[in-house]
Amino acid sequence: MNTENIIQKLNELKGASQKLDIQEPERLEMMKSVMDYANQFIGSLNTAKAFNEKEATSLEITNQKKSLPDLLDLYQKQVAETGINAASGKHLGYIPGGGVFTAALADFIAAVTNPYASVHYASPGAATIENEVVNWLKTVFSFPENSVGCLSSGGSISTLIAFTAARDKHKVKNEFITKNVVYLSEQVHHSTQKALRIIGLEDVIIRYVPLDENHKIKTDSLEELIQKDIAAGLQPFLVVATAGTTDTGAVDPLNEIAAIAKKYKTWFHVDAAYGGFFIMTSKKELFKGIENADSIIIDPHKGLFLPYGVGAVLIKDSTAVLQSNYYTANYMQDGASEEMLKSPANISPELTKHFRGFRVWLPLQIHGIEPFIACLEEKLLLVHYFRSKLAELGFCLGPEPDLSVSYFWYPFDSYSDKKNRRLMDEIHADGSVFLSSSIINKSFVIRIAILAFRTKKEIIDEAIEMITTCLKKVNSEIE
Ligand SMILES: *Cc1c(COP(=O)(O)O)cnc(C)c1O
């Protein structure tokens with residue numbers, strides 16, 4: 001190709017390629033479509049179902065162009081109206097959150113401006129925002145200033161980062177792996193075992209520590225297990241406690257576990273993915289000792305009600321974290337002189353990543369922390385309100401909850417497990433409010449997790465009404 005041909009070809013390509021760079025009039029029109037859609041979606045949350053047992057279809061990518069309004073319509077039918085409506089206050093299953101609107105605005109700006117948040121040199125502002133969010137979390141959990149942390153996509157990746165640091169600090173590798181012991185509760189989130197497997201520690205010895213009647217780790221049993229392992233020549237390596245288990249919301253006795261972990265020089269990790277932010281509420285006392293952990297994980301996409309895709313990890317030993325994640329490459333040499341800890345990439349396996357700090361930072365700056373705390377206190381009270389209503393209906397209740405998760409079952413005269421399953425099916429088929437189930441002490445139970453910021457008393461009343469109707473239906477069925 002000679003230069004003239006190249007210029008001609010470039011002119012042709014420009015016409016086609018610049019369609020990606022949408023101009024202002026069309027931008028305004030598109031923004032209006034999106035805003036209208038968002039308003040209509042939020043406006044209908046009160047009447048929309050929390051759960052639709054429906055498959056999603058018609059979402060394949062073809063090369064047939066479609067208009068944004070048509071695509072938003074498709075999105076509403078095939079995405080928003082299938083499965084769990086996670087933005088709804090009627091989502092009372094698994095661990096909800098909701099997705100505050102100001103975080104969506106932050107995501108929009110982050111995507112438009114697209115700063116390179118993982119390297120301080122590339123975007124001092126974005127990296128500093130990420131670091132300021134981590135600093136704020138350190139104050140919330142009374143972690144020392146010289147601890148390190150980063151924002152991740154969620155609790156699972158945060159756990160990976162924490163365990164990798166623990167592994168590298170304790171040099172758990174090669175033939176030593178099978179001599180190292182990890183102490184877990186049966187109620188630990190499955191992302192814990194998954195993380196161990198992913199980082200090459202599937203062959204460590206796992207001890208499940210017995211739990212008390214409130215599903216909390218028995219600390220005397222923990223210490224006995226550790227002593228036995230030491231006597232057998234094994235190496236106690238990691239103790240995992242949970243501040244708010246997913247199944248029952250129990251907070252393990254963190255302070256006592258911290259003392260045991262310290263005594264035997266094991267890494268102490270606290271999974272506070274669900275429960276962490278309740279430390280800012282009247283439940284603060286339950287979290288005593290969390291500041292003595294070597295690492296903790298917290299999910300702002302749960303307890304701060306942010307949209308899915310933002311977790312956090314705090315780790316005391318910065319050397320261990322850097323050892324796992326720090327790396328320099330020649331093409332990054334211009335940034336290599338920056339202090340390592342200013343760049344999120346040195347704390348995390350991620351390099352190029354979503355600028356997720358902004359969706360935490362902006363809501364906190366706009367709203368202040370008070371409405372978040374009020375929301376958490378509200379959830380704590382709502383679970384008590386819900387339980388008192390269930391008791392009036394004759395349901396059996398799990399133990400008094402530490403936080404905002406609880407479980408219950410109906411004492412049917414016969415086939416209790418089977419009928420509670422039927423009750424769950426009816427609740428799912430109704431779908432106006434979404435609850436989930438679990439197996440606790442080998443029995444089927446229905447679980448409620450109140451954490452969505454839009455969950456209010458009226459919604460709990462609606463849930464009670466729905467449960468009453470579903471119970472009548474199950475009771476009227478012939479065995
Ligand atoms: C949700 C949860 C996790 C996993 O976090 P993701 O953000 O879903 O990856 C881990 N532990 C607990 C206690 C949780 O509630």
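Order of listing sets the numbers, starting from 1, for every ligand and every atom in it. What's counted below: heavy atoms across the whole structure, side chains too, no hydrogens, waters or symmetry copies.
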### Message
Could you identify the single nearest non-hydrogen protein atom to atom 4 (C) of ligand 1 and state the distance to 0.1 Å?
### Response
H189 CE1, 3.5 Å

### Query
Is the centre of the F386 ring less than 6.0 Å from the centre of the F408 ring?
yes

## Note on the structure
Checking heavy-atom distances from atom 3 (C) of ligand 1 to each of K194, K302, Q187, the winner is K302

### Query
When only distance counts, is A273 in polar contact with ligand 1, meaning an N/O pair under 3.5 Å?
no

### Query
Is a salt bridge present between K389 and D461, judged by a nitrogen-to-oxygen distance below 4.0 Å?
no

### Task
Please check if any side-chain donor atom of T242 sits under 3.5 Å from a side-chain acceptor atom of D271, or the reverse.
no

### Task
Return yes if a side-chain donor-acceptor contact under 3.5 Å exists between H269 and S295, otherwise no.
yes

### Those atoms of ligand 1 less than 4.0 Å from some heavy atom in Y274
15 (O)

### Query
atom 11 (N) of ligand 1: which protein heavy atom is closest, and how many Å away?
D271 OD2, 2.6 Å

### Message
I'd like to check which ligand 1 atoms, numbered from 1 as shown, lie under 4.0 Å from a non-hydrogen atom of S191.
### Response
4 (C), 10 (C)

## Note on the structure
ligand 1 to G154, heavy atom cutoff 4.0 Å, flagged ligand atoms 7 (O), 9 (O)

### Summary
When distances are taken from atom 6 (P) of ligand 1, the protein heavy atom at minimum range is G155 N, 3.3 Å

### Task
Mind telling me whether H91 and F434 have parallel, tilted or perpendicular rings, with 30° and 60° as the class edges?
tilted

### Query
Any N or O on T242 sitting closer than 3.5 Å to an N or O of ligand 1?
no

#### Entry: Any N or O of T245 closer than 3.5 Å to N or O of ligand 1
no

### Sub-4.0 Å atoms of ligand 1 with respect to non-hydrogen atoms of G244
13 (C)

### Query
Are E224 and K228 close enough for a salt bridge, meaning some N to O gap below 4.0 Å?
no

### Task
Kindly assign one of parallel, tilted or perpendicular to the pair W136 and F277, based on the angle between their ring planes and the thresholds 30° and 60°.
parallel

### Query
So, are E378 and K457 salt-bridged, with charged N and O less than 4.0 Å apart?
no

### Task
Just jot down the ligand 1 atoms closer than 4.0 angstrom to any heavy atom of T246, in number order.
12 (C), 13 (C), 14 (C), 15 (O)

### Message
With heavy-atom distances below 4.0 Å as the criterion, list the atoms of ligand 1 near H301.
### Response
7 (O)

### Query
If you measure from the Lys or Arg side-chain nitrogens to the Asp or Glu carboxylate oxygens, is any gap between K90 and E462 under 4.0 Å?
yes

